[in-house]
Amino acid sequence: HIHHVIGLSLDLFYAAKERNIPLVYTVHDFYCISPAYKLLDENDQYIAPDCDDMDRWKRALTKYAGYSETVNIIPKWRKEFLAALRNCDRIIIPHESGKDIFLNYYPELRNITKVINHGTDMDEHASKEVSIDDIRDCQEIEYAMDHMEYLGRACVGIQGWVLMKNVDNKSVKKYIASLDNEKWVLVELEQDNRPDIVNYFGSENYKCSGFHGFYPIQPGKTYQLIMEYENQYYTSKKLKLTFENQKTESNNKRNVAFLGGMVPEKGSKIAYDMITKGDKDKYEWYVFGAIGDQALHDLNQSNYHKSGVYSKNDLETMIQGCDIDIICILSVWPETFCYTLSESILCNTPVLVIDLGAQGARVSSNNYGFTVPYGADGHVVLQKLDDIFEDSEKYREIKKNATEYVEKSVVAMCSEYKVLYESILKTDILRMGKHDNKLLLSSLVLVSRDSLSKADQRQSISDYEQQLQVLNAELMG
């Protein structure tokens, strides 16, 4: 099952075919159509399938893939991909919208192209309780908090390092804990590699000393960093955390978040216009994730908040802690699925998307969000937000849909792939005909023949052959 070939060779497809290996390929973006795989031109405008302006494609390749404008590789690129993809038993695309785009370029592959939607799970940070008496004081701990960022009224993001001396800290778990009725409630933090700490202390034992995470906070509670090593818990007075009580102003502001890595292809320019031109008395703006747009990254404004990089498991804490009313996913290219959309819905939050690709189609068909037309600028999206919140009854309806919608799980997706693989294997058995089972299974016994008598070897071959016959009957039945 090939998921991407960027940086690899199309020889993969031919190698599988030559060896009679069943082959599945998943279209995760449109790399098979162009090296500029988001199908945007030099002005970040979507290049639709009906565009025959090769100069526009060449300029896109220059911007996004580093090709010279004097070279037109697109016809050759698609010819080679078509030949390679003909070797596939199935081509999988995670949404019908992407399938439509793909088949506009490769109609010859319609009969082997199938849609299987991605599955998505949101794992909450598991907590556990530990008695105060089970926590040992440890003096051999070094610690520093590099960054602390308050988000909204009840969420804090922290980043820093903490280590236990003279042990390999790869085996040390780090928790942020709150005190509740003489027990510490522990939530594990994400672990980071810190080569700077290795250099400072001169030991590789401290490479995994970094941590980061987002955590819900409550006024008046006591918080502490706690470490676990070899099933024992340790802390120190220096690991006590003090969080300021955040002001909870009584206002009618709406909290709007932008989700995912913010670059122009993901709508960063639209977001910048909305934040800088929107009514400061009406909206609080949040960007959850990395920012690859310099203007948006450098922007400082009293009603604009940046989380930095987060883990998927932190998202629900961040959304709830900031009282997010709606999430804007403003990709200007037709995504083939859009995981951030699934994550938003798993967090029971309505979305606002550009009506393009899988993101637009999914919102329109499932009615758990709102759309704006492709080409909408910041002014148009701002006006849409105003309209959404003015119609409170409609907003509550969409919010209810987002809360009740059941996203497809990873387990459900795997079940579909299991059926697919079995159907391909069944077809492959029929195509290849009857094997000489005894010859095949004799080779399996050769691995352990030195420890088996000849009689045992013959019995093993007979046992394996019976098992294979049962398997063949199941696959072909």
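Note that the coordinates shown come from a computational prediction; the quantities given were computed from them, not determined experimentally.
- By the neighbour-count criterion of 12 heavy atoms within 6.0 Å, atom CZ of Phe201 is densely surrounded, having more than that number from other residues, nucleotides or ligands.
- Residues His1 and Thr26 have side chains that bring a donor and an acceptor to within less than 3.5 angstrom of each other.
- Taking SG of Cys88 as the reference point, atom OH of Tyr25 lies at 8.5 Å (rounded to 0.5 Å).
- For Asn181, the CG atom sits in a loose shell: 12 or fewer heavy atoms of surrounding residues, nucleotides or ligands are nearer than 6.0 Å.
- Within the 4.5 Å cutoff, no side-chain heavy atoms of Lys269 are placed close to those of Asp273.
- Other residues, nucleotides and ligands contribute at most 12 non-hydrogen atoms within 6.0 Å of the NZ atom of Lys170.
- Residue Lys99 places its NZ atom among more than 12 non-hydrogen atoms of other residues, nucleotides or ligands, all under 6.0 Å distant.
- Checked by atom type and distance alone, the side chain of Tyr143 never pairs as donor or acceptor with a backbone atom of Ser236 at under 3.5 Å.
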Audit row: Glu228, Leu186, side chain to side chain contact (heavy atoms under 4.5 Å, CB included) steps and yes/no:
CA-CA 11 Å; Glu228 180 185 1; Leu186 278 61; over 6 Å; no

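- Ser409 approaches Ala412 most closely through the heavy-atom pair OG-N, 3.0 Å.
- By the 4.5 Å heavy-atom criterion applied to side chains, Val363 and Ile329 are not counted as neighbours.
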Take Lys306 and Glu149 through the side chain to side chain contact (heavy atoms under 4.5 Å, CB included) test and state the conclusion after the steps.
CA-CA 9 Å; Lys306 297 168 277 190; Glu149 179 76 22; over 6 Å; no

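- Counting heavy-atom neighbours within 6.0 Å of Lys400 NZ, excluding the residue itself, gives a total of 12 or less.
- Within a 6.0 Å radius of OH in Tyr417, more than 12 heavy atoms belonging to other residues, nucleotides or ligands are found.
- In this structure the side chain of Lys17 never reaches within 4.5 angstrom of the side chain of Leu23, judged on heavy atoms.
- The existence of a salt bridge linking Lys114 and Glu416 is excluded, since no basic side-chain nitrogen approaches an acidic carboxylate oxygen closer than 4.0 Å.
- The pair Asp44-Lys63 meets the salt-bridge criterion, with a side-chain N (NZ, NE, NH1 or NH2) lying under 4.0 Å from an Asp/Glu carboxylate O.
- Across all their heavy atoms, Asn255 and Tyr286 have their closest contact at OD1-CE1, 3.9 Å.
- Between Thr235 and Gln224, the side chains place a donor N or O and an acceptor N or O closer than 3.5 Å (distance only, hydrogens not considered).
- Every side chain to side chain donor-acceptor pair (under 3.5 Å) that Arg194 has, sequence neighbours left out, goes to Asp146, Asp196.
- Between Asp89 and Ile112 the shortest side-chain heavy-atom distance does not fall below 4.5 Å.
- Not a single donor-acceptor pair under 3.5 Å links the side chain of Asp29 to the backbone N or O of Tyr37.
- Interatomic distance, Asn169 CG to Glu204 CD, rounded to the nearest 0.5 Å: 12.0 Å.
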Give the C-alpha distance, both sets of side-chain angles, the deciding distance and a yes or no for ring pair (Phe, Tyr, Trp, His ring centres under 6.0 Å) between Trp77 and Tyr31.
CA-CA 10 Å; Trp77 185 270; Tyr31 188 68; 5.2 Å; yes

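- Under a 3.5 Å cut-off, the side chain of Gln218 and the backbone N or O of Ala154 do not form any donor-acceptor pair.
- Residues Glu140 and Asn166 form a side-chain contact, since some pair of their non-hydrogen atoms from C-beta on lies under 4.5 Å apart.
- Using cut-offs of 30° and 60° for the angle between ring planes, the Tyr223 and Tyr215 rings count as perpendicular.
- When all heavy atoms are compared, the tightest approach of Gly213 to Leu189 is CA-CD2, 4.2 Å.
- The closest side-chain heavy-atom distance from Leu163 to Val172 is not below 4.5 Å.
- The main-chain N or O of Leu296 is found under 3.5 Å from a side-chain atom of Tyr304 such that the two form a donor-acceptor pair.
- Ion pairing between Lys266 and Glu335 holds under the 4.0 Å rule for side-chain N and carboxylate O.
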Run the side chain to side chain contact (heavy atoms under 4.5 Å, CB included) test on Glu42 and Tyr64 for me, step by step, so that the C-alpha distance in whole Å, both residues' side-chain angles and the decisive distance to 0.1 Å come before the verdict.
CA-CA 8 Å; Glu42 77 277 15; Tyr64 287 107; over 6 Å; no

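- No donor-acceptor pair under 3.5 Å is formed between the side chain of Lys174 and the backbone N or O of His212.
- Distance check: Phe30 CZ to Ile101 CD1 gives 4.0 Å after rounding to the nearest 0.5 Å.
- In this structure, Thr336 and His95 approach most closely via the heavy-atom pair O-CB, 3.4 Å.
- Counting all heavy atoms, side chain and backbone alike, Thr222 lies closest to Trp184 at O-CZ3, 3.8 Å.
- In this structure, the side chains of Ser307 and Met318 come closer than 4.5 Å at one or more pairs of heavy atoms.
- Taking each heavy atom of Tyr310 and Gly260 in turn, the nearest pair found is OH-N, 4.1 Å.
- The environment of NZ in Lys408 is crowded: more than 12 heavy-atom neighbours from other residues, nucleotides or ligands sit within 6.0 Å.
- Looking only at side-chain heavy atoms (C-beta outward), Ile176 and Phe211 stay at 4.5 Å or farther from each other.
- Distance check: Lys399 NZ to Ser392 OG gives 14.5 Å after rounding to the nearest 0.5 Å.
- Atom OG1 of residue Thr340 and atom CZ of residue Phe288 lie 13.0 Å apart, to the nearest 0.5 angstrom.
- The environment of NZ in Lys240 is sparse: at most 12 heavy-atom neighbours from other residues, nucleotides or ligands sit within 6.0 Å.
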Please report the C-alpha distance between Phe102 and Leu85 in whole Å, then the side-chain angles of each, then the deciding distance to 0.1 Å, and finally whether the side chain to side chain contact (heavy atoms under 4.5 Å, CB included) criterion is met.
CA-CA 12 Å; Phe102 175 79; Leu85 293 175; 4.1 Å; yes

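- Judged by a 6.0 Å distance limit and a 45° cone about the ring axis, Arg362 is not positioned over the six-membered ring of Tyr368.
- Atoms NZ and CG, from Lys173 and Asn231 in turn, are 8.5 Å apart once rounded to the nearest 0.5 Å.
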